[in-house]
Amino acid sequence: MEDELFDQILTVFNNLVAWVAAGAMVFGGVVPYIPQYRDIRLTQNAEGFSTYVCLVLLVANILRILFRFGRYFETLLLWQSIIMICTMLIMLNLCTNVRMATELSTKRRSFLDFDWNYFWSWSRFVDYVQCVLAFTLVAAYITYLLLDSVLFVETLGFLAVFTEAMLGTPQLYCNYQNKSTEGMSIKMVLMWTSGDTFKTGYFLLTQAPVQFWICGLLQVFVDITILFQVYYYSRYPQKPVSHTVSHTTSAKAL
């Protein structure tokens, strides 16, 4: 009787842990953007957040969804991509509205202008949506044509996770150029490091496709390198360099 009760408790506990892990996997990636969203709403200033981060994550997660048509992976990872895409669109909408309200120039830039100089710097949220839809349709069509090619499918999966894994490199390079981590949110980097570590462990435990956990390890390495920069530049201050927050700063920064 006691053994049956213990087994039931253990089963309930295992199910609870599985649900918590699944929830963390699906929603954990968007948590760092919640304080960023609140800061932009409160300050009505979006200069500290790079919309290029949204571009990288949109491309990575769209490619990941297309990869699933050629190589099945866990449904939780699919939902993770869908929720991340929605989150990035919400961030883009907020940033666009804030910048339109504060922009002095009356010149409006549109996606349909096809001006490369203003790529991903458009004036309206609908322009970003048009670009995302155009990319999705083209990528989906190419995937449909080459879905029978194992090389293409595996390359598609690698590009999806590798793009996301490289998200921290702009901040890494920016810190190196400035010889300082001033203006970078250490709390944000710590959140990303813990999230990426958990995610990589999840990939390994669930035997996700090899592209996922290899690029997950790379992502953790980039995060740790950024944290090392924090330690190094605080312990050994370099020559001050005047700089401003650039538009290409990564989301892992601010």
Side-chain angles (χ1 to χ4, degrees), residues 22 25-30 33 49-96 109-170 195-196 199-200 202-203 206-216 218-219 248 250-251:
M25 191 63 199
V26 173
F27 297 101
V30 305
Y33 295 98
F49 178 75
S50 172
T51 55
Y52 281 104
V53 169
C54 301
L55 173 63
V56 171
L57 286 175
L58 284 168
V59 169
N61 285 281
I62 288 170
L63 292 180
R64 183 194 286 189
I65 292 174
L66 294 175
F67 174 56
R68 195 173 189 266
F69 287 97
R71 175 86 177 273
Y72 178 82
F73 55 80
E74 198 172 1
T75 304
L76 283 176
L77 300 180
L78 174 65
W79 278 109
Q80 181 194 46
S81 292
I82 293 172
I83 291 173
M84 182 60 76
I85 288 172
C86 293
T87 301
M88 291 301 100
L89 290 175
I90 291 172
M91 291 296 297
L92 278 173
N93 186 39
L94 175 64
C95 292
T96 305
R109 299 179 289 272
S110 171
F111 168 68
L112 296 179
D113 293 337
F114 299 111
D115 188 344
W116 185 255
N117 293 323
Y118 296 107
F119 176 77
W120 210 250
S121 299
W122 303 302
S123 302
R124 301 175 304 163
F125 173 64
V126 67
D127 294 302
Y128 293 93
V129 174
Q130 289 173 350
C131 180
V132 171
L133 287 176
F135 172 78
T136 303
L137 290 174
V138 172
Y141 182 67
I142 295 174
T143 302
Y144 173 75
L145 293 178
L146 301 176
L147 198 57
D148 293 331
S149 170
V150 176
L151 177 61
F152 172 80
V153 171
E154 295 300 324
T155 302
L156 182 66
F158 176 78
L159 287 176
V161 289
F162 182 76
T163 302
E164 185 176 357
M166 290 292 98
L167 188 61
T169 53
D196 292 339
K199 180 174 63 177
T200 303
Y202 186 87
F203 290 156
T206 58
Q207 297 181 339
V210 64
Q211 296 97 326
F212 282 69
W213 60 264
I214 287 179
C215 289
L218 177 60
Q219 201 165 359
T248 56
S250 168

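- Nearest heavy-atom pair, Leu151 versus Thr155, reported as atom, atom and distance to 0.1 Å: O-OG1, 2.7 Å.
- Counting only residues at least two apart or on different chains, no salt bridge (Lys or Arg N to Asp or Glu O under 4.0 Å) pair has a member in residues 76-92.
- Counting heavy-atom neighbours within 6.0 Å of Phe119 CZ, excluding the residue itself, gives a total above 12.
- Residues Leu66 and Ala139 approach most closely at CD1-CB, 3.6 Å, considering heavy atoms.
- For Phe125 and Trp122, the distance between ring centers is not under 6.0 angstrom.
- A 4.5 Å side-chain heavy-atom check between Phe135 and Ile62 finds at least one atom pair inside the cut-off.
- Nearest heavy-atom pair, Ala60 versus Ala160, reported as atom, atom and distance to 0.1 Å: CB-O, 3.3 Å.
- Taking 4.5 Å as the limit, some side-chain heavy atom of Ile85 sits within range of a side-chain heavy atom of Ile65.
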Inset, instruction - Please report the C-alpha distance between Leu77 and Arg64 in whole Å, then the side-chain angles of each, then the deciding distance to 0.1 Å, and finally whether the side chain to side chain contact (heavy atoms under 4.5 Å, CB included) criterion is met. - result: CA-CA 9 Å; Leu77 300 180; Arg64 183 194 286 189; 4.3 Å; yes
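- The side-chain contact (heavy atoms from CB on, under 4.5 Å) test with Met88 is passed by exactly one of Leu58, Ile83, Asn61: Leu58.
- Side chains of Gln130 and Leu112 form a contact here, defined as non-hydrogen atoms less than 4.5 Å apart.
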Inset, instruction - Determine, stepwise, if the pair Leu218 / Phe162 fulfils side chain to side chain contact (heavy atoms under 4.5 Å, CB included). - result: CA-CA 8 Å; Leu218 177 60; Phe162 182 76; 3.8 Å; yes
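- Here the straight-line distance linking atom OG1 of Thr96 with atom CE of Met91 works out to 10.5 Å at 0.5 Å rounding.
- Between the side chain of Arg109 and the backbone N or O of Ser121 there is at least one donor-acceptor pair closer than 3.5 Å.
- Under the rule for a side-chain hydrogen bond (donor to acceptor under 3.5 Å, both in side chains), the partners of Thr75 that lie at least two apart in sequence or sit in another chain are Arg68.
- Partners of Ser110 under the side-chain hydrogen bond (donor to acceptor under 3.5 Å, both in side chains) rule, at least two apart in sequence or in another chain, are Asp127.
- Between Cys215 and Val161, the shortest heavy-atom contact is SG-CG2, 3.5 Å.
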Legend entry - side chain to side chain contact (heavy atoms under 4.5 Å, CB included) between Glu164 and Val56, worked out: CA-CA 7 Å; Glu164 185 176 357; Val56 171; 5.8 Å; no
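- Closest of all the heavy-atom pairs between Leu57 and Tyr33 is CD1-OH, 3.1 Å.
- Heavy atoms from other residues, nucleotides or ligands lying under 6.0 Å from OH of Tyr144 number 12 at most.
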Inset, instruction - Output, in order, the C-alpha distance, side-chain angles, deciding distance and verdict of side chain to side chain contact (heavy atoms under 4.5 Å, CB included) for Asp113 and Tyr118. - result: CA-CA 9 Å; Asp113 293 337; Tyr118 296 107; over 6 Å; no
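- Residues Cys54 and Trp120 share a closest heavy-atom pair of C-CZ2, 4.4 Å.
- Side-chain contact between Phe152 and Ile142 is present, with at least one heavy-atom pair separated by less than 4.5 Å.
- One distance of note links OH of Tyr128 with CG of Leu133; it measures 15.0 Å at 0.5 Å rounding.
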